[in-house]
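Have a look at the structure below, then the notes.
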Amino acid sequence: MRATSLPSTSVPPRRAGTAIRRMLAAAAALLLTGGVVVGLAAPAAADPPEVRLLNLCGAVDFTWSTGTIGGDESWPTTVLRNGAVIDEFVMRDRGGATYVAGDGDIFEIRREGLPERTYAHRVPDGCTGAPELTATAKDECFSLVLTFVNGGDTPVTGLQMLLPGSAPRELDPVGPGSIAQFFDLADGDPFQVRGPVPGGGWATLLSGRYHQPERCTPDAVKVRFTDVCDGVRVDLASTAGGVIRVETIAPGGTGGGALLAPGDTGRIDVVAAPGTVVQVRDAVTGVEFGRHTIGTSTCGSPDPSPTGAEPGGTEPPSPGGGPGTGGGLPVTGVRTALFSVAGLLLLSAGAVLFLLARRRRLRFTTADGR
């Protein structure tokens with residue numbers, strides 16, 4: 001039986017190398033494709049966040065880059081100046097903000113994922129006349145109160161208030177020291193106070209949102225009017241959850257004001273003439289709490305019962321109409337007797353004086369005795 005020989009399967013060395021290279025290329029392509037798919041499916045990796053500070057004349061400029069690849073991730077962010085919150089916003093992956101600053105001010109940016117760091121402002125060389133200004137905000141019942149503190153020697157001008165849906169509002173200059181300014185805002189309104197930066201641009205001094213305290217309604221102030229000698233007395237009681245600034249308006253008279261804390265009471269004395277209409281209202285917005293017309297005053301008029309009428313309007317008895325007289329003629333006997341006694345006394349005194357005069361009469365004679 002003849003053995004059958006099988007065909008040879010050996011490959012020449014050159015052709016074998018070519019095949020191996022093709023297999024490796026195919027495997028690399030497969031791995032690369034799988035890596036791209038996995039990379040697209042995985043969340044975008046972010047580089048460590050980075051915040052840079054640039055010192056300007058009277059301001060600091062912050063820029064940040066979180067290194068996020070794609071997407072529009074955002075984080076709630078709080079900015080503090082010397083420990084006080086001056087701004088709250090949503091930080092995107094890249095951006096910047098500029099804030100009013102004085103030499104030595106300490107800034108802090110708080111945001112999830114950012115390292116805890118503070119930034120100190122240093123005035124650049126050649127910077128002179130930069131304002132030393134800070135501001136704080138307080139929510140009262142019917143208004144936002146901004147308190148400015150100017151630590152310099154000259155007034156700060158050019159400040160603006162930014163409100164939604166309106167053009168920038170120019171604020172009054174802030175002189176040296178502390179001053180409060182009041183603004184009528186709706187509950188939930190955002191606001192921003194900014195000032196010019198030497199060399200151009202704007203820097204934020206303070207931003208926030210007005211939140212009206214609870215129970216701040218026109219009927220939260222109870223008003224009671226009491227007419228007095230020279231006007232009206234106004235008694236106040238507040239049931240609101242915030243501060244209310246009350247003023248009285250009395251045309252032609254003298255009004256006054258009161259600051260009511262939550263649950264507080266107060267009194268205002270208004271000097272005005274009878275018939276004057278007195279209005280009690282909020283000093284900032286004009287919200288009315290009460291109105292009253294002063295009645296006719298009896299201050300200084302003659303007492304209709306000088307002998308002291310009894311309570312209930314009882315009139316004093318009329319002259320000559322005492323009990324048992326029946327309301328007849330006046331009794332005059334007592335007066336006649338008095339006049340008679342007086343006349344007799346006078347007559348007796350005259351007679352005595354006449355007798356004394358006769359006894360003491362002097363007799364004149366001449367030299368010869370006649």
Side-chain angles (χ1 to χ4, degrees), residues 49-66 74-111 114 117-124 127 129-139 143-152 154-174 178-183 185-186 188-211:
E50 182 179 6
V51 177
R52 294 185 177 89
L53 166 67
L54 176 64
N55 289 316
L56 305 175
C57 185
V60 292
D61 184 68
F62 286 100
T63 57
W64 55 84
S65 175
T66 62
S74 58
W75 298 266
T77 305
T78 302
V79 180
L80 296 89
R81 176 187 178 188
N82 299 327
V85 175
I86 62 170
D87 196 10
E88 292 180 313
F89 63 95
V90 173
M91 180 184 286
R92 300 292 180 181
D93 53 356
R94 290 174 178 82
T98 304
Y99 299 100
V100 173
D103 189 37
D105 282 350
I106 302 299
F107 287 84
E108 182 180 357
I109 297 181
R110 295 179 181 175
R111 198 218 79 181
L114 283 180
R117 287 184 55 191
T118 57
Y119 307 85
H121 171 57
R122 293 291 179 259
V123 175
C127 175
E132 301 178 22
L133 187 65
T134 60
T136 56
K138 182 180 179 182
D139 297 333
S143 60
L144 172 73
V145 183
L146 295 182
T147 302
F148 298 92
V149 178
N150 181 2
T154 59
V156 177
T157 60
L159 297 176
Q160 291 183 344
M161 167 78 87
L162 303 183
L163 298 172
S166 62
R169 183 188 304 179
E170 299 291 334
L171 302 186
D172 296 334
V174 178
S178 176
I179 186 174
Q181 297 187 26
F182 305 87
F183 303 90
L185 302 183
D189 275 354
F191 66 90
Q192 179 187 9
V193 180
R194 68 181 186 180
V197 177
W202 295 92
T204 298
L205 177 63
L206 180 69
S207 69
R209 190 179 294 272
Y210 170 69
H211 296 288

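Both backbone and side-chain heavy atoms feed into the values below; hydrogens, waters and symmetry mates do not. This is a predicted model, so every value here is computed, not measured.
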Testing the basics here: between [X] and [Y], what is the closest heavy-atom pair and its distance to 0.1 Å?
X      : Y      : value
Gly158 : Pro196 : O-CD, 3.4 Å
Ala120 : Leu53  : O-CD2, 3.8 Å
Val145 : Ala180 : CG1-CB, 4.2 Å
Ala203 : Tyr99  : CB-C, 3.7 Å
Leu206 : Val85  : CD1-O, 3.8 Å
Arg122 : Gly104 : NH1-CA, 3.2 Å

Nearest 0.5 Å please: distance from the [atom1] atom of [X] over to the [atom2] atom of [Y].
X      : Y      : atom1 : atom2 : answer
Arg52  : Ser65  : CZ    : OG    : 7.0 Å
His121 : Asn82  : NE2   : CG    : 11.0 Å
Leu133 : Asn150 : CG    : CG    : 6.0 Å
Arg209 : Leu185 : CZ    : CG    : 11.0 Å
Leu80  : Thr118 : CG    : OG1   : 11.0 Å
Arg110 : Met91  : CZ    : CE    : 13.5 Å

Using a 4.5 Å cut-off on heavy atoms from C-beta on, say whether the side chain of [Y] contacts that of [X].
X      : Y      : value
Arg169 : Gln160 : no
Val100 : Arg81  : yes
Thr147 : Ile179 : no
Leu205 : Phe148 : yes
Pro164 : Pro190 : yes
Val174 : Gln181 : yes

Looking at [X] and [Y], would you say the former's side chain and the latter's main chain have a donor-acceptor pair under 3.5 Å?
X      : Y      : value
Asp103 : Val123 : yes
Thr78  : Pro76  : no
Asp139 : Leu144 : no
Asp87  : Val79  : no

- Query: Do Phe183 and Tyr210 make the cut of ring centroids closer than 6.0 angstrom?
  - Reply: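 No, they do not, as the ring centres are separated by 6.0 Å or more.
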- Is the centre of the Trp64 ring less than 6.0 Å from the centre of the Tyr119 ring?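 No, too far apart.
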- Task: Any chance you could lay out the side-chain contact (heavy atoms from CB on, under 4.5 Å) test for Leu146 and Met161, step after step, and finish with the verdict?
- Result: CA-CA 11 Å; Leu146 295 182; Met161 167 78 87; 3.5 Å; yes
- For the pair Val90 and Thr77, evaluate side-chain contact (heavy atoms from CB on, under 4.5 Å) and give the outcome as yes or no after the intermediate values. CA-CA 6 Å; Val90 173; Thr77 305; over 6 Å; no
